[in-house]
Number of protein chains: 2
Amino acid sequence: MTPDPLAQSLHTRWQRGNVLAADCPSRPVLQHLTSRWGVLAMVALATRPHRFAELRRAVGGVSDRMLSQTLKDLESDGFVRRTAQDVVPPHVDYALTPLGHEAAARLIPLVAWIEDNIGAILAPQAA
Amino acid sequence: MTPDPLAQSLHTRWQRGNVLAADCPSRPVLQHLTSRWGVLAMVALATRPHRFAELRRAVGGVSDRMLSQTLKDLESDGFVRRTAQDVVPPHVDYALTPLGHEAAARLIPLVAWIEDNIGAILAPQAA
DNA sequence: CGGTATACTAACGAAAATGTGCGTACTTCC
DNA sequence: GGAAGTACGCACATTTTCGTTAGTATACCG
């Protein structure tokens, strides 16, 4: 399929993204937000800021390494703000930025819908 | 942070999911929907049903293997309905189920928001 | 007749994601 | 005194994910 020329011209300079295009810059951002731990970290942070270990406990099953990796990605996209106090033992806070809250506002309905409908989703599979 | 006992009792039997818990059955479903190609397939199918090759062309960069695997996952969760006509050459249609449309309705705002704000997201990174 | 399209699957190897254990420099609690 | 908690980075091993190639039976187009 050759790209639609109209869509092409609208999107070529990425004034707005078109995720369905392979080289759209939205792709990596989408992947960070929807990664295995990304969604969960965002959801947890949406309620309130967390310290690192606190967040690890909130997000069941995540390892130190994965959590810090995930947070680094989210931070580089501007969704999370990391605030470190230079003390020993270390004290670091993670909070959503305004941009992060906007993103979370789109993530939460999805997660909530799945949680609410998990019964209906799983039921046919059991049958 | 020990689990909140109230939330515990509400969620133990998974009448409703709590994705933050490691063993919540919502996890796999969430992963199927938010997988690299899962989101994109859902978004593409939300506009209209597609045949296999048509969908592959719509979702830039996906391979046959990944697409068919993704569709299989989405089908087993009840989001996608596969309709095959037993003819040669094969003719197969993929469409969202009602459940799939509900899920897509939560996926699309997320994707649209990223597409709309990709400029604002990327700008600080360039600086 | 040769090329192209269809909807996949099995098999293989490469690449990416993920977990584990260790180390840190100190504090607080038992 | 000893154990545990803190916020990671690093090296290593394993797991999973992903893409590529080959193959199928047939039809349509030129």
Side-chain angles (χ1 to χ4, degrees), chain A residues 1-2 19-23 27-42 44-45 48-77 80-95, chain B residues 1-2 19-23 27-41 44-45 49-77 80-95:
Chain A
M1 165 154 100
T2 29
V19 228
L20 293 180
D23 56 351
R27 287 269 182 103
V29 174
L30 179 64
Q31 280 182 53
H32 294 158
L33 283 178
T34 61
S35 70
R36 179 164 180 198
W37 306 115
V39 201
L40 303 178
M42 292 292 291
L45 286 177
R48 59 182 170 82
H50 284 65
R51 295 186 57 178
F52 185 86
E54 194 180 7
L55 198 51
R56 183 188 350 108
R57 279 179 232 113
V59 178
V62 71
S63 68
D64 278 16
R65 207 176 89 88
M66 276 301 98
L67 183 57
S68 86
Q69 177 84 238
T70 300
L71 289 170
K72 206 181 295 177
D73 288 340
L74 293 175
E75 195 196 350
S76 81
D77 286 339
V80 165
R81 180 173 41 251
R82 193 187 107 108
T83 315
Q85 299 171 31
D86 190 13
V87 294
V88 168
H91 186 120
V92 182
D93 282 297
Y94 289 93
Chain B
M1 181 191 287
T2 30
V19 228
L20 293 181
D23 55 351
R27 288 270 182 102
V29 174
L30 178 65
Q31 280 182 51
H32 294 158
L33 283 177
T34 61
S35 69
R36 179 165 182 198
W37 306 114
V39 200
L40 303 179
L45 286 177
H50 284 66
R51 293 187 57 178
F52 185 86
E54 194 181 6
L55 198 50
R56 178 179 5 100
R57 278 178 233 114
V59 178
V62 70
S63 67
D64 278 15
R65 204 178 91 90
M66 278 301 99
L67 183 57
S68 86
Q69 192 163 108
T70 300
L71 289 170
K72 207 181 295 178
D73 287 339
L74 294 175
E75 195 196 349
S76 80
D77 286 338
V80 166
R81 179 174 40 252
R82 193 187 107 108
T83 315
Q85 298 171 33
D86 191 13
V87 295
V88 168
H91 184 119
V92 181
D93 282 297
Y94 290 92

- prompt: So do B/V62 and B/L40 actually touch side chain to side chain, heavy atoms under 4.5 Å?
  reply: no
query: Got B/D64 and B/F52 here, is their nearest side-chain heavy-atom distance under 4.5 Å?
result: yes
Could you state the atom-to-atom distance from [atom1] of [X] to [atom2] of [N] in whole Å?
X	N	atom1	atom2	result
B/D86	D/dT24	CG	C1'	14 Å
B/M66	C/dA15	CE	P	16 Å
A/H50	D/dT6	NE2	P	13 Å
A/Q31	C/dT18	CD	P	11 Å
A/L67	C/dT20	CG	P	14 Å
A/R27	C/dA16	CZ	P	16 Å

Extract from the structure each pairing of a protein N or O with an N or O of nucleotides 5-9 of chain C at less than 3.5 Å, listing the distance.
{"from": "C/dT6", "atom 1": "OP1", "to": "B/R57", "atom 2": "NH2", "distance (Å)": "2.5"}
{"from": "C/dT6", "atom 1": "OP2", "to": "B/R57", "atom 2": "NH2", "distance (Å)": "3.2"}
{"from": "C/dT6", "atom 1": "O3'", "to": "B/R51", "atom 2": "NH2", "distance (Å)": "2.8"}
{"from": "C/dT6", "atom 1": "O3'", "to": "B/P90", "atom 2": "O", "distance (Å)": "3.1"}
{"from": "C/dA7", "atom 1": "OP1", "to": "B/R51", "atom 2": "NE", "distance (Å)": "2.7"}
{"from": "C/dA7", "atom 1": "OP1", "to": "B/R51", "atom 2": "NH2", "distance (Å)": "2.7"}
{"from": "C/dA7", "atom 1": "OP1", "to": "B/V92", "atom 2": "N", "distance (Å)": "3.4"}
{"from": "C/dA7", "atom 1": "OP2", "to": "B/A53", "atom 2": "N", "distance (Å)": "3.0"}
{"from": "C/dC8", "atom 1": "OP1", "to": "B/R82", "atom 2": "NH1", "distance (Å)": "2.1"}
{"from": "C/dC8", "atom 1": "OP2", "to": "B/R82", "atom 2": "NH1", "distance (Å)": "3.3"}
{"from": "C/dC8", "atom 1": "OP2", "to": "B/Y94", "atom 2": "OH", "distance (Å)": "2.5"}
{"from": "C/dC8", "atom 1": "N4", "to": "B/D64", "atom 2": "OD2", "distance (Å)": "3.2"}
{"from": "C/dT9", "atom 1": "OP2", "to": "B/S68", "atom 2": "OG", "distance (Å)": "3.3"}

message: Under the criterion side-chain contact (heavy atoms from CB on, under 4.5 Å), I'd like the reasoning laid out for B/Q85 against B/D93: C-alpha separation, chi angles, the key distance, then a yes or no.
response: CA-CA 8 Å; B/Q85 298 171 33; B/D93 282 297; 4.2 Å; yes
- line: On a heavy-atom basis, the closest approach of B/L45 and B/V80 is CD1-CG2, 3.8 Å
message: If we check side-chain contact (heavy atoms from CB on, under 4.5 Å) with B/L33, which of these qualifies: B/D73, B/L74, B/V39?
response: B/L74
- prompt: Counting distance only, does the side-chain N/O of A/R56 pair as donor-acceptor with the main-chain N or O of A/G61 below 3.5 Å?
  reply: no
